[in-house]
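On a predicted model such as this, the values are computed, not experimentally measured, just so you know.
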There are 2 protein chains.
Amino acid sequence: MPPPPPPSTEDPPSMSGSVGSVTPAFSPLYQQIKGLILHSLQHGEWKPGEAIPSEIELAARFRVSQGTVRKAIDELAAENLVTRRQGKGTFVSTHTERQVQYRFLKLLPDEGDASVEGPAQRTILECRRARASVEVARILALRAGDPVIQIKRILSFTGVPTILEDIWLPGQAFKGLTAEQMAHYQGPTYAMFEIDFGVRMVRAEEKIRAVLPDETQAQWLNVTCSTPLLSVERLAYTYNDAPMELRRGLYRTDTHHYYNELS
Amino acid sequence: MPPPPPPSTEDPPSMSGSVGSVTPAFSPLYQQIKGLILHSLQHGEWKPGEAIPSEIELAARFRVSQGTVRKAIDELAAENLVTRRQGKGTFVSTHTERQVQYRFLKLLPDEGDASVEGPAQRTILECRRARASVEVARILALRAGDPVIQIKRILSFTGVPTILEDIWLPGQAFKGLTAEQMAHYQGPTYAMFEIDFGVRMVRAEEKIRAVLPDETQAQWLNVTCSTPLLSVERLAYTYNDAPMELRRGLYRTDTHHYYNELS
DNA sequence: GAGTGGTCTAGACCACGCG
DNA sequence: GCGTGGTCTAGACCACTCA
């Protein structure tokens, strides 16, 4: 900012944190802009799949240069919250887009690739309203006894049952979710969550272990009790690092494997 | 570039790909600069841990603006090939740095964190020169029968054997590697590879399955044959996507878990 | 051809690390 | 106080998309 800001009716966001604070907490302008855009994203100013305003418009709105909003958007794009498309605009990310469907599912077939195999067939075994146990409440940042929705399902690939999953969702946010919805929605479950409940899963953590199934689990997956399985516990978050889904999956790894890239 | 380039004794990198090509293959300047820096990195112009020239120096060398080399370095930093340190410079990344030690090891203790637990104790069971099998050759991009070094070792945490690993390395690049080196080097094995052999592991892929150990494996890990284990096959790459290490690990997951972040 | 994101430049100033 | 990376601006031009 060469001279003091040019005459304007509205002050631009302040350059630094509070003056005289013990921790100066310097925050660059573009981080503040990023925060403002994030806020609009969270509060649904633009819906998933929609375009956000152009860089020039945002620069005008926030009274900063295009380069500054560009850097803010760059970070949002790096976090997969928005998607840039040259010549078209910047769009709120979705779990619906073809290329990145099943973004969070890292299980790949040993032979061929996921696109050959096609999407999983879903069998809903259970979908009921329940009360959060102490453990589930802790993980989902609820109180024990709060309403939750519990789902049990099987995912099959080319007819072979491969994943047995238990899902817990906060009842509050997913009021009215039915087994029919879970079973018949075309496309990723997370896309349905976005469209029908306005809940966007933004990132997730997984803890993976090797386990043996019990009798019931083995039957559902059509394996023996001595077949080792991957136990995948996933905690998925919306904006603001708010946990919104707990998933416990058992993955068969005789025809598939969990794939991960490190750098 | 407003007017044609200012008078200079050396031409800057060309702005576009070959003229008249069917695919114009437009490549931005900063990508070309990135390529040049990468080339210097690969050929050891700057060694791991050393500082690369300042942005201003590089800008002068390549006859572009500081902003352009900045964007090139930004990408290299995003890929963990270099590390920026404000006020000090930009440094060639290392597997030695404290914070990111064991960058590629995703196994965490269930209780406490890795820093509490401390580094793994290594027990080398085997370290010998051998010939690549057809399978290993295919994976490491060698020819069957080419010399390889084969290592078998156990990693223990707080005295408990937790990981049983088989490692295959191209004999060419790791000529002279001994069991003593593997056992007694302080710090990550990948740091030793950098210092003693000039081989930098830059990224890796892992395929994970659940398996049961055979008799021998079970004994080494001090578990029964019916204890399910994580089978982790890792292929690690140096520059240029050249595969340089194959690792097959068996991980106990009774006290640890494989942790992964998705976004 | 108008509008969007993408690249490139040049220059100013800021925060940080170190002697 | 100097050199480094980090932020911010203003302006020009390029590549892509779509009407």
Quick one: [X] [atom1] to [N] [atom2], roughly how many Å, whole number?
X: B/Gln86; N: C/dC16; atom1: CD; atom2: P; value: 6 Å
X: A/Gln31; N: D/dC8; atom1: CD; atom2: P; value: 9 Å
X: A/Ile52; N: C/dT4; atom1: CD1; atom2: C1'; value: 12 Å
X: B/Arg70; N: D/dT7; atom1: CZ; atom2: P; value: 7 Å
X: A/Gln66; N: D/dC14; atom1: CD; atom2: C1'; value: 13 Å
X: B/Phe26; N: C/dG6; atom1: CZ; atom2: P; value: 12 Å
X: B/Ile56; N: C/dA10; atom1: CD1; atom2: P; value: 13 Å
X: A/Arg85; N: C/dG3; atom1: CZ; atom2: P; value: 21 Å

Quick check on side chain to side chain donor-acceptor pair (under 3.5 Å): which of [options] does [X] satisfy it with?
X: A/Tyr190; options: A/Arg200, A/His95, A/Glu245, A/Arg103; result: A/Glu245
X: B/Arg203; options: B/Asn80, B/Thr238, B/Asp241; result: B/Asp241
X: B/Thr189; options: B/Arg153, B/Glu165, B/Arg247; result: B/Arg153

Sorted by number, the residues of residues 37-47 of chain B with heavy-atom contact under 4.0 Å to DNA chain D: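 None, since no heavy atom is under 4.0 Å.
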B/Phe197 and B/Phe174 aromatic ring geometry - parallel, tilted or perpendicular at 30°/60° bounds: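 Rings of B/Phe174 and B/Phe197: tilted, 30 to 60°.
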Is [X] close enough to [N] that one of its side-chain N or O atoms is under 4.0 Å from OP1 or OP2 there?
X: B/Arg84; N: D/dG6; answer: yes
X: B/Ser54; N: D/dT4; answer: yes
X: B/Thr90; N: D/dG5; answer: yes
X: B/Lys88; N: C/dC18; answer: yes

Shortest side-chain distance from A/Ser65, nucleotide among D/dT7, D/dT9, C/dT7: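 Nearest to the side-chain atoms of A/Ser65, counting from C-beta on, is D/dT9.
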Partners passing salt bridge (Lys or Arg N to Asp or Glu O under 4.0 Å) against A/Arg70 (at least two apart in sequence or in another chain):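 With sequence neighbours excluded, A/Arg70 shows a salt bridge (Lys or Arg N to Asp or Glu O under 4.0 Å) to A/Glu55, given in chain and number order.
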Pairwise distance CD1(B/Ile208) to CD1(A/Ile208) - rounded to 0.5 angstrom: 5.0 Å
A/Asp196-A/Tyr185 side chain donor-acceptor pair, cut-off 3.5 Å: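 The answer is no; no qualifying pair exists.
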